[in-house]
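Hydrogens, waters and symmetry mates play no part in the numbers below; they use all other heavy atoms, side chains included. Note that this is a predicted model, so its numbers are computed, not measured.
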Amino acid sequence: MDFTSKQDIDAPIAEVFEVLSDFDSFERSAFRRGVEVQRLGDTATPQSGLSWDATFTFRGKKRDLRIVLKSYEPVTGMVFSGESGAIQGASKIELMALSPSRTRMSITLDLSAKTLSGRLLLQSLKLARGSIDKKFKARAADFARMAEDRISQSA
């Protein structure tokens, strides 16, 4: 099951990447949403292999997730993989400079099932694909606005 979103951000590509690679900020945001996060590695010098263990509740059940940074290309993008008991996924974030002050961010998320219960979960997600796709695109747009605001405040 794939989800994609493209957002244009009114900021230079290097500054957008700096916001994207602020992993400490994302960890704090997850904590505020009730997700327990433990980082395995150093975010001061991000590189492939940096990972996080996260525990959260989804559909009334406690879930464990491991997220691994698979590729880290400064200024152009990152690739993450995630794995839980029943589902695995990969996420790719790419940045492309449209002009010196405008950047296009492309996000792709691909989910697949590892077990029968994972297939059932994905099937229920497919039934609600329209609303989930809207939420995914809305969250990407929210992130783009947040990045623009953060960059404009620091300027």
Checklist entry - If you draw a 6.0 Å radius around NZ in Lys6, do more than 12 non-hydrogen atoms from other residues or ligands fall strictly inside? => result no
Item to check | Phe3 and Phe136 aromatic ring geometry - parallel, tilted or perpendicular at 30°/60° bounds | outcome: tilted
Checklist entry - So Tyr72 and Phe17, ring-ring contact (aromatic ring centres under 6.0 Å, His included) or not? Walk me through it. => result CA-CA 11 Å; Tyr72 183 84; Phe17 187 80; 5.4 Å; yes
Checklist entry - Counting only heavy atoms not in Glu83, do more than 12 fall under 6.0 Å of its CD? => result yes
Next on the checklist: Please determine whether ring-ring contact (aromatic ring centres under 6.0 Å, His included) holds for the pair Trp52 and Phe23, giving the CA-CA distance in whole Å, both sets of side-chain angles, and the decisive distance to 0.1 Å.
Outcome noted: CA-CA 10 Å; Trp52 296 264; Phe23 299 123; 5.2 Å; yes
Item to check | Heavy atoms from other residues, nucleotides or ligands near CZ of Arg129 exceed 12 (cutoff 6.0 Å) | outcome: yes
Checklist entry - Is a donor on one side and an acceptor on the other found under 3.5 Å between the side chain of Thr103 and the backbone of Ile13? => result yes
Item to check | Donor-acceptor under 3.5 Å (Glu148 side chain, Asp10 main chain) | outcome: yes
Checklist entry - For the side chain of Ser99 and the backbone of Arg102, is there at least one donor-acceptor N/O pair under 3.5 Å apart? => result yes
Item to check | Any donor-acceptor N/O pair, Lys135 side chain to Gly130 backbone, under 3.5 Å | outcome: no
Checklist entry - Out of curiosity, does Val79 fall in the hydrophobic cluster containing Leu111 (side-chain heavy atoms, cut-off under 4.5 Å, transitive links)? => result no
Item to check | Step-by-step side-chain hydrogen bond (donor to acceptor under 3.5 Å, both in side chains) determination, Ser25 to Glu27 | outcome: CA-CA 5 Å; Ser25 171; Glu27 289 173 17; over 6 Å; no
Item to check | Side-chain donor-acceptor pair present, Ser29, Arg33, cut-off under 3.5 Å | outcome: yes
Next on the checklist: Are Phe58 and Leu120 linked, directly or through intermediate hydrophobic residues, by side-chain heavy-atom contacts shorter than 4.5 Å (ILVMFWY only)?
Outcome noted: no
